[in-house]
Number of protein chains: 2
Amino acid sequence: MFDLRPVGYVIGLLVAVLGLTMVLPLVADLVEGRGHWPVFVECAILTTLGGGFMALSCQNRKSRGLTIRQTFVLTTAVWIALPLFGALPFWLGAPELRFVDAYFEAMSGMTTTGSTVMTGLESQPAGVLLWRGILQWLGGIGIIVVAMVFLPELRVGGMQVFRAEAFDTQGKILPRATAIAAQISVAYAGLTAACFLTYYILGMGLFDSLVHSLTTLSTGGFANSDASFGAFAGPIEYAASVFMMLAALPFVRYVQIINGSAKPLLKDTQVWVFLATIGVFVVVTTLVLTTIFPHHWEQSFREALFNITSIITGTGYASADYMLWGSFPIAMFFFIGLIGGCAGSTTCSIKVFRYQILFSAIRVQLSKVHSPSGVFTTRFQGRPVDDDVIGSVMSFFVFFVVSIGLLAVALGMTGLDFITSLSGAATALANIGPGLGSIIGPAGNFASLNDTAKWLLIAGMLVGRLELMVVFVLLTVQFWRD
Amino acid sequence: MFDLRPVGYVIGLLVAVLGLTMVLPLVADLVEGRGHWPVFVECAILTTLGGGFMALSCQNRKSRGLTIRQTFVLTTAVWIALPLFGALPFWLGAPELRFVDAYFEAMSGMTTTGSTVMTGLESQPAGVLLWRGILQWLGGIGIIVVAMVFLPELRVGGMQVFRAEAFDTQGKILPRATAIAAQISVAYAGLTAACFLTYYILGMGLFDSLVHSLTTLSTGGFANSDASFGAFAGPIEYAASVFMMLAALPFVRYVQIINGSAKPLLKDTQVWVFLATIGVFVVVTTLVLTTIFPHHWEQSFREALFNITSIITGTGYASADYMLWGSFPIAMFFFIGLIGGCAGSTTCSIKVFRYQILFSAIRVQLSKVHSPSGVFTTRFQGRPVDDDVIGSVMSFFVFFVVSIGLLAVALGMTGLDFITSLSGAATALANIGPGLGSIIGPAGNFASLNDTAKWLLIAGMLVGRLELMVVFVLLTVQFWRD
Ligand SMILES: [K+]
Ligand SMILES: [K+]
């Protein structure tokens, strides 16, 4: 067995920090004055002390940095342990939620999935709603750090393509993570503040602006009402679309802008492919909607823009029940959820850079087919891509699709219908939020699912958020062999 | 422009042969005595003469063999042109079918898909039913030859992995194709005869035994009644399951057995993985069915065995409406249709050897992740696999999944619902036959689809049958550049 204490130490610290942030929903509950605040006192103490003791008990060693194996265990363990403590306020504070529900909600929060098992959101205490937003916001910054520091190091899912272009901060992984997290936090918090102000100015109300800005920038998608974003038709939809797009761009580019250079952002092909993809789908869907509904074209455009941006970025807000848009958008919404945003953002799913590499590799294959003696190179951002990266990206794609299939079959075995099983599997693994169909669709809710299905979806959200390989590596025998 | 005459010559010959085979349904119609035979006289003359003239007009050149480019064009053109003539008896002989329907039926036949737009099959003339069977049987032998001779040469979809182990008959591609076709035909015809006798002995009736043996060995799945195989419950289902499995094995192994060696068959890991896969799904489904229905377990086992074998091999017969089996089998039937049989058989879809290579490659990726300095090799049948082949297989997988997505979205745009769009796309590209849902499911029919959807599915069947790349290469600009 290898030394798990450094892992426990980091997790302990993070749990303690999570406990401290519970002061914020505590304050919200106090302000609201419905008497729900003692729950957060209890949870804050439990979590802070729990994390603190864990950190202390694991600390008595000279820090020697993390090995690759410890890094794998840490990454997965963080996303298992933090939602456990994050679930406390739901479990202790909402009597209608059992443990599986509370953990589902917290996992859905920290993985920025945004599927919910809570109904009657409008009547939930302010603290609970704020806590959902905070979980997503923390999960968002967490995943950016993982994507920028851990994944390139772990060489999973083709993320090693970003090794060279990552930060210059060389050295051990944990100090580097801290340094990067600090820089990213500035951009992340700044954009969240801008989003908050925009929502507020456009008339959303203080508390809703706060929570929705947290769940917009994390592409998390938790909303404060069962109607999701349905209450905010009009200019706010445009604002949300813009901020969802901004949240889906590579955050390293924002840090570069802060440091004075906008050029890397403008030269990043991911960004343009991503925006162009949204553009194409919005135009087509607008045309379809204008022919189907007697709307003004502006409404069609707005609904198309908002809902498509929401699904491609994996945010998962819904402003309209697109299950009622006829059949074309349904198949489309299923597949655009598999696109995702840019690497190093809060988005999940397959992501644009992998499609760029895949299509370049397929083009190479096609060229080879009719010129077997020719030499062709797979490229990304103009640079040749290592065979290692191509294999990694393709494995990721295969793994992702096969995982959706297996999860869908497993969900089907629990008794769910085809659309619910299939879209549930995809929405969990791609951390989108809503599924399709009448049960878990944009107008639905995950509360009515059976417990087995909920646990399967919890596993799916975790595995998908950590780019599959990180978790699956832990399941191999070799990993644990000395 | 390059010389298309050798292509026209081969197609002309094949069309002429197709015309001659129309004598068989002509005889069937004469025997039945319903006066439908003149249609086949007309079609036989049109087709034989059309093909003959085409061959003659393209022939006046010394044969210099086919270039790679001509081979690509030939392979695709054969599967576009032959169904055109194969559709004549449907178009001229069945007044209820328009051109798109007739072409759909013929394409579905020659690609061994088995989706049908014909209803009231029981009352169709014997000649028409036999012609459907013959189209599938010819399509089946055709695709084995393509898979064994053309695809390894064209280096598409990873089929180059079978280059070394193909026949020793070296030399030009067309004489080799003829030699291989002759050897394979013996095995194919022999198995068909055995299947015919078995069906007949088990009580199927002479004509039904004939047509169903043709559509079993080709894993085509056209049946003589709207209830598909529903009329033949009992021992015949076991027999059909065995012959569908035999049809899904690599035909080169049968030729080796004829030449005295069964060892290559027994040592072929594809075969064992394929059979084990069927075994696992049959056991699980039998258990599920026994818990759902008050059946005797034998009925559950038999229905599971028959229907799962039918979908995994892509035959597409149905003995029970598995849309009524509850939700688990539905998601399962969707995904097992993406498995397919062995390379060099009449089956389509992704195929077992690709999964073997993919999983070996993913295992290598996982190993690399935790031992970055280690050296690991992707293997198939115990031998290391070229990087070129791995890239080709992975591209195929990505292409296949993306094609299903695009085709499903396109079908959705024509107004079809989600299940019909998605399963229709998959069933066409994987040449299975039935889709899912109430419209095109095992109890349904493709007749009611709109024309655009039918044309899209025709394209899907063609592209899927020719392993995608063969057709898509023709769509690249480079291909046509000199
Ligand atoms: K989300
Ligand atoms: K078939």
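Chain letters run A, B, ... following the sequence lines, proteins first, then strands; residues in each count from 1.
The aromatic rings of F418(B) and F418(A) lie tilted to each other, with the angle between the two planes from 30° to 60°.
Using a 4.5 Å cut-off between heavy atoms, F396(A) makes no contact with chain B at all. Of the two parts of I68(B), only the side chain, counted from C-beta on, holds a non-hydrogen atom closer than 4.5 Å to a non-hydrogen atom of chain A. L406(B) does not touch chain A: none of its heavy atoms, backbone or side chain, sits under 4.5 Å away.
Between chain A and the residues G437(B), G391(B), S367(B), the largest count of heavy-atom pairs under 4.5 Å involves G391(B). With respect to chain A, the highest number of heavy-atom pairs below 4.5 Å among I419(B), L338(B), V364(B), V402(B) belongs to I419(B).
Distance check, rounded to the nearest 0.5 Å: CE of M394(A) to CG of L358(B) gives 10.0 Å. Between atom CE of residue M413(A) and atom OG1 of residue T285(B) there is a gap of 8.5 Å, rounded to the nearest 0.5 Å. Expressed to the nearest 0.5 Å, how far CD1 of I390(B) lies from CD1 of I390(A) amounts to 11.5 Å.
Taking each heavy atom of A361(A) and S395(B) in turn, the nearest pair found is O-OG, 4.4 Å. Taking both residues in full, the closest heavy atoms of A331(B) and A408(A) are given as CB-O, 4.0 Å, listed atom of the first, atom of the second, then distance.
Counting heavy atoms from C-beta on, the side chains of F335(B) and L422(A) come closer than 4.5 Å.
Annotation: ring pair (Phe, Tyr, Trp, His ring centres under 6.0 Å) contacts of F399(B) (sequence neighbours excluded): F472(B). Evaluation of the side chain to side chain donor-acceptor pair (under 3.5 Å) rule for T286(A) yields no partner, not counting sequence neighbours.
Few gaps surround CZ on R379(A); more than 12 heavy atoms of other groups in view lie less than 6.0 Å from it.
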Q: Tell me, with the steps shown, if V409(B) and F334(A) meet side chain to side chain contact (heavy atoms under 4.5 Å, CB included).
A: CA-CA 9 Å; V409(B) 171; F334(A) 179 79; over 6 Å; no
